[in-house]
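Okay, so here's the structure we're looking at.
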Amino acid sequence: MRREINIFKSKNIVTGYLYFYIHFVTEVACFFIMSRIIGNSVFLWIAPFIYDALAFVPQSLIGYISDKYPKINFGIFGTLLLVIGLVTYSLNLLPGSFTEIIIMCLGNCCLHISGAEVTLRSSNGKLSHSAIFVSGGSFGVITGKLLSRTTISFWIVAVLCLTMIPFTLLAEYYRKENNEEEPCANFNYHNDKIKPELIVFLSVLIVIVRGYMGYGLPTSWNKTTFQTIMLFCTMGLGKAMGGILSDIFGMRKVAIVSMIMALPFLLVGDNLMIVSLIGVLLFSMTMSITLGLLVSVLKKTPGLAFGYTTIGLFLGTVPIFFFKVTDMLTNCLIIILLTIVCVIIASIIIRKGDEGG
Amino acid sequence: MKVDKIKLIINDNIINNSFIPLIITVITVVLIIIITILLTKKELRKKKKNKKNKIYIITPINYNTNISKSRYGCSYVII
């Protein structure tokens, strides 16, 4: 297959940009409401835990339903749920402390699945589309957190959510255009000699490890709002770059090189922002790579494959809620060890000489 | 007495507002993960069946050669 050097000319790349915006707004709304709720100290860790669980894990089931019933427009459904969550929270209409969070979580799930379905089905085996879609989340998370510190009204965020509707409808057009029985047939990044079940397990294991490491990265330099913005923007940029570079240079090279190269930058850059950010950029590149691997195995159910990555992310973040490694040396050793494990797994499960199709 | 009352209120608050949703969330997560694994197994089994039933392109080979009939028992070779 010919490699796309210019991603801007890649077929249906517009779906990536459409869902970049949708993903951005989704995370703005969710983190806006979450940050306001967390203001109540009783829910300091329970609210984020419930949010992570219910926003990430059900995506596999919703993804499977979306795979089997493509006529359901989960994008519109998710948008409406987000608006309902915001309005009911601002008017205090529903009983219980977590009802709005659950509604927001379900909306978040639906929009993520819609994005995954559209970008994966229309990409013709390329990773750029889904990588650009995924990257929008990091920018949205930090924007939502910052907006929650202001006096901005819930209604403004609700109106912002409604702006997603035309984008969702336009993106749905691309999905209908690529609604074949096996739309992801060109995703062939996995090693054929390994059992598909094992590839799914090992790919999820990489996601779990990377999810855990994401919270344990040594970033002592991160003290100001500007530095936090830089951190989240670099994460988003890294996620997008992972898919784009994989389409240009091949997934195997990008996966292994980014993982190994990130290590020294992350370890040395504890107090040096620029050095650390280079490490974060490289570290974030694996997100779309694991998605590409899972879709290669589950070609007929890209929604289910996407759900696996979010389950992995949740499982990776679970330990953070219960314990944190405070010793710097132990933390560095854990990062080194986990990176070696990920590199070995990636070199085994990614097909040699891959170009995607 | 006052301190005890306050403690009780806080505990009730946490139990009513946090622990029950937390337990429900954990159970939901476990159930969804189990269902996801079962669905994946089902999908991968389907894939294996489809591979077995794959239609191969059959091309005729030279009828005059003895190899074709003796080695393959038919006049066609599956490629």
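All figures in this text were calculated on a predicted structure; none of them were measured in a lab. Residue numbering restarts at 1 for every chain, and letters A, B, ... go by the order of the sequence lines.
A:V297 has its side chain within reach of B:L44: a pair of non-hydrogen atoms, C-beta onward, lies under 4.5 Å apart. Between B:I33 and A:L315 the shortest side-chain heavy-atom distance falls below 4.5 Å.
The most heavy-atom pairs under 4.5 Å with chain A, out of B:I35, B:V29, B:I24, come from B:V29.
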- Message: Is there a side-chain contact (heavy atoms from CB on, under 4.5 Å) between B:L39 and A:L61? Walk through the geometry before answering.
- Response: CA-CA 9 Å; B:L39 287 173; A:L61 276 189; 3.8 Å; yes
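One distance of note links CD1 of A:I50 with OG1 of B:T25; it measures 4.0 Å at 0.5 Å rounding.
Annotation for A:F49 and B:V26: closest pair CE2-CG2, 4.1 Å, computed over non-hydrogen atoms.
With salt bridges taken as basic N to acidic carboxylate O contacts below 4.0 Å, one links A:K68 and B:E43.
Residue B:I37 touches chain A through both its backbone and its side chain, counting heavy-atom pairs closer than 4.5 Å. Contact annotation for A:F314: only side-chain heavy atoms (C-beta onward) come within less than 4.5 Å of a heavy atom of chain B.
In summary, the side chains of A:Y308 and B:T40 do present a donor paired with an acceptor at a separation below 3.5 Å, with no hydrogens or angles considered.
With a 6.0 Å radius and a threshold of 12 heavy atoms from other residues, nucleotides or ligands, A:F77 has its CZ atom at or below the threshold.
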